[in-house]
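First comes the structure, then the notes that go with it.
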Protein chains: 2
Amino acid sequence: MLDQRHARRGDATEDLGKAEATRQSILAAAARVFRADGYAGARLSDIAAKVGMKAGSLYYHFDSREALVEAVMDLGLKQTHETVAKRLRALPPDVGHVRRLEVAIEAHLELVLAHEDISSATIKLIWQVPAQIRERQLADQRAYGALWRKLLTDARKAGAIRGDVDLSVVRMAIMGALNWAADWYKPGRMTPRQIARDIAAMVLGGLAGEPKNKRK
Amino acid sequence: MLDQRHARRGDATEDLGKAEATRQSILAAAARVFRADGYAGARLSDIAAKVGMKAGSLYYHFDSREALVEAVMDLGLKQTHETVAKRLRALPPDVGHVRRLEVAIEAHLELVLAHEDISSATIKLIWQVPAQIRERQLADQRAYGALWRKLLTDARKAGAIRGDVDLSVVRMAIMGALNWAADWYKPGRMTPRQIARDIAAMVLGGLAGEPKNKRK
DNA sequence: TTGATTTTCTAATCCAAATTAGATTATGAA
DNA sequence: TTCATAATCTAATTTGGATTAGAAAATCAA
């Protein structure tokens, strides 16, 4: 479909052909608009304008508004999953379970708070989007959920985390604490990393009592 | 506007006059529909049907779709705030700070998970609704936020919670963990109270290490 | 250049709901 | 009963965007 005979040099990120390139920028623009205005409030014309085209032209790249939002979410989920997984893989193999959780929390949160990022749009959209799209999306999220489930069950097996709480609840509570940040965070006072540390400290160490390791 | 000469007996809950009574049932129906279908997906005709009337008739009670959703949210926020505050007030004055936090967490979560409740609709709607409504709503939430802020700062002053985390972050993380539950919770496996206990255990005691008080 | 193909634009058309106007029915006081 | 007002209904009308069809413009291999 795309004739690429001509495009055979440069790195993988650059070399996508024109259609694919605009497709990407449409996705980026859509993510921003959907994120800012919500699924209901986002207009195709807004998205198109951000890319410098007219609403109708979007249909050359996407079949419909719904197809577009679904593409955004697919990409966002994949990005989140891959980024977190990569950060975990990059850890030395002897790193403790609690530290691994801490790293996962930081990685996820940084994606959530990344300005104009597709990951955060995805998170916000999941409960706004038509039910049918949501079903598919939630199904896809299982794989990412599994990553976290494993993180937690491994930690428990090793005795690194307490045994008296339901791990599904814990997992969702962590997701909630992190994802909610997409909504209230305003850049300035604190960096994503600082926020991640505080949330990790609370989740892992608990609020009650004195800190295990006094920070700073 | 409402002639109540005739309605001068019975308790306060019963005696609202017809208009006010249907207004209430419209709000309840709207909460359910908005909660289930999202702001974008909810149709006035669905809401009207649930009350047993036609879409047009809603306009006798509310100026517009937006006015309706805003009324739902106002009521939901007020309900949440009042319920949590009441539960805290009901506590003996010598109850410790950590326990007070625990109670607030339980109360909030039970509202969030209450089936067909206006509180939970409000929480879900906040990020779906048009920006202008959201602004007003977030402003109103400050009062409720202040309740939590006080809970946390009092606890810290008393040395009941660790001193090395930002309390705003903590507060929002707790809200996130609790509010997110509105989305994933399915009645059946666990009760809202059990979930609340696990989240409170994590937030207050931390995941790492053994539980302070082994449960059950 | 040229023609084929890809990409975008313009200008309808479509459509699902929100909204409104006026008619109709309920209700309760006299 | 009767009247006035409250509450609802019916049946348009409006509206804001999504979607589409066909006309331009851009791109590029030859």
Side-chain angles (χ1 to χ4, degrees), chain A residues 1-9 15-27 29-30 33-34 36-72 125 128-133, chain B residues 1-10 15-27 29-30 33-34 36-72 128-133:
Chain A
M1 187 159 256
L2 284 177
D3 189 328
Q4 304 245 67
R5 255 167 296 173
H6 201 240
R8 276 284 166 267
R9 70 224 119 67
D15 242 25
L16 295 166
K18 177 157 189 219
E20 186 55 24
T22 50
R23 203 185 131 93
Q24 294 301 325
S25 56
I26 291 172
L27 285 174
V33 175
F34 277 128
D37 302 343
Y39 179 72
R43 280 167 301 188
L44 289 190
S45 53
D46 295 338
I47 296 169
K50 214 167 265 263
V51 190
M53 45 166 70
K54 296 305 174 69
S57 310
L58 295 176
Y59 285 80
Y60 181 78
H61 302 276
F62 296 92
D63 287 345
S64 67
R65 177 187 155 89
E66 299 201 348
L68 175 56
V69 81
E70 195 161 1
V72 168
L125 285 174
Q128 304 190 18
V129 121
Q132 212 183 343
I133 295 179
Chain B
M1 185 159 259
L2 284 176
D3 189 329
Q4 303 246 67
R5 254 169 297 176
H6 200 238
R8 278 281 167 267
R9 69 220 121 68
D15 241 25
L16 294 167
K18 176 152 189 228
E20 186 55 26
T22 50
R23 204 185 131 92
Q24 293 301 325
S25 56
I26 291 172
L27 285 175
V33 175
F34 276 127
D37 302 343
Y39 178 72
R43 280 167 300 189
L44 289 190
S45 54
D46 295 338
I47 295 170
K50 214 167 265 261
V51 190
M53 46 166 74
K54 295 306 173 67
S57 311
L58 295 177
Y59 285 81
Y60 181 79
H61 301 277
F62 296 93
D63 286 345
S64 68
R65 177 187 156 87
E66 298 202 348
L68 175 55
V69 81
E70 195 161 1
V72 168
Q128 303 189 17
V129 120
Q132 213 184 342
I133 296 180

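Values reported hereafter were calculated over all heavy atoms of this structure, with side chains retained and with hydrogens, waters and symmetry mates removed.
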Does [X] place a side-chain N or O at less than 4.0 Å from the phosphate oxygens OP1/OP2 of [N]?
| X | N | answer |
| --- | --- | --- |
| A/Y60 | C/dT8 | no |
| B/H61 | D/dT8 | yes |
| B/Y59 | C/dT19 | yes |
| B/S57 | D/dA7 | no |

(request) Scan A/A40 against the nucleic acid and name what it touches under 4.0 Å (heavy atoms): base, sugar-phosphate only, or nothing. (result)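 Nothing, no nucleic acid heavy atom in range.
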(message) Tell me whether B/R23 forms a cation-pi arrangement with B/Y60, defined as NZ or CZ under 6.0 Å from the six-membered ring centre and within 45 degrees of its axis.
(response)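 That pair does not qualify as a cation-pi contact.
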(message) If I take atom NE2 from residue B/H61 and atom CG from residue B/L27, how far apart are they, to the nearest 0.5 angstrom?
(response) 10.5 Å
(message) So, taking the atom named CD1 in A/I133 and the one named CD in A/E66, what distance separates them when rounded to the nearest 0.5 Å?
(response) 4.0 Å
(request) Would you mind telling me which of C/dT19, C/dA17, C/dT8 lies closest to the side-chain atoms of B/R65? (result)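 Side chain of B/R65 sits closest to C/dT19.
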Rounded distance (Å) that lies between atom [atom2] of [N] and atom [atom1] of [X]:
| X | N | atom1 | atom2 | result |
| --- | --- | --- | --- | --- |
| A/F62 | D/dG17 | CZ | P | 21 Å |
| B/E20 | D/dA7 | CD | P | 10 Å |
| A/D37 | D/dG16 | CG | P | 16 Å |
| B/R23 | D/dT8 | CZ | P | 13 Å |
| B/R43 | C/dT19 | CZ | P | 15 Å |
| A/L58 | D/dG17 | CG | P | 15 Å |

(message) Under a 3.5 Å distance rule, please check whether B/Q128 uses its side chain to pair with a backbone N or O of A/Q128 as donor and acceptor.
(response) no
(request) Before giving the answer on side chain to side chain contact (heavy atoms under 4.5 Å, CB included), spell out for B/L44 and B/L68 the whole-Å C-alpha distance, their side-chain angles and the decisive distance to 0.1 Å. (result) CA-CA 10 Å; B/L44 289 190; B/L68 175 55; 4.1 Å; yes
(request) Write down the atom of B/A29, the atom of B/I47, and the distance for their closest heavy-atom approach. (result) CB-O, 4.0 Å
(request) Could you please spell out the steps behind the side chain to side chain contact (heavy atoms under 4.5 Å, CB included) verdict for B/T22 and B/V51? (result) CA-CA 8 Å; B/T22 50; B/V51 190; 5.5 Å; no
(message) Let's see if you get this right: which residues in residues 48-55 of chain B place a heavy atom under 4.0 Å from DNA chain D?
(response) B/G52, B/M53, B/K54
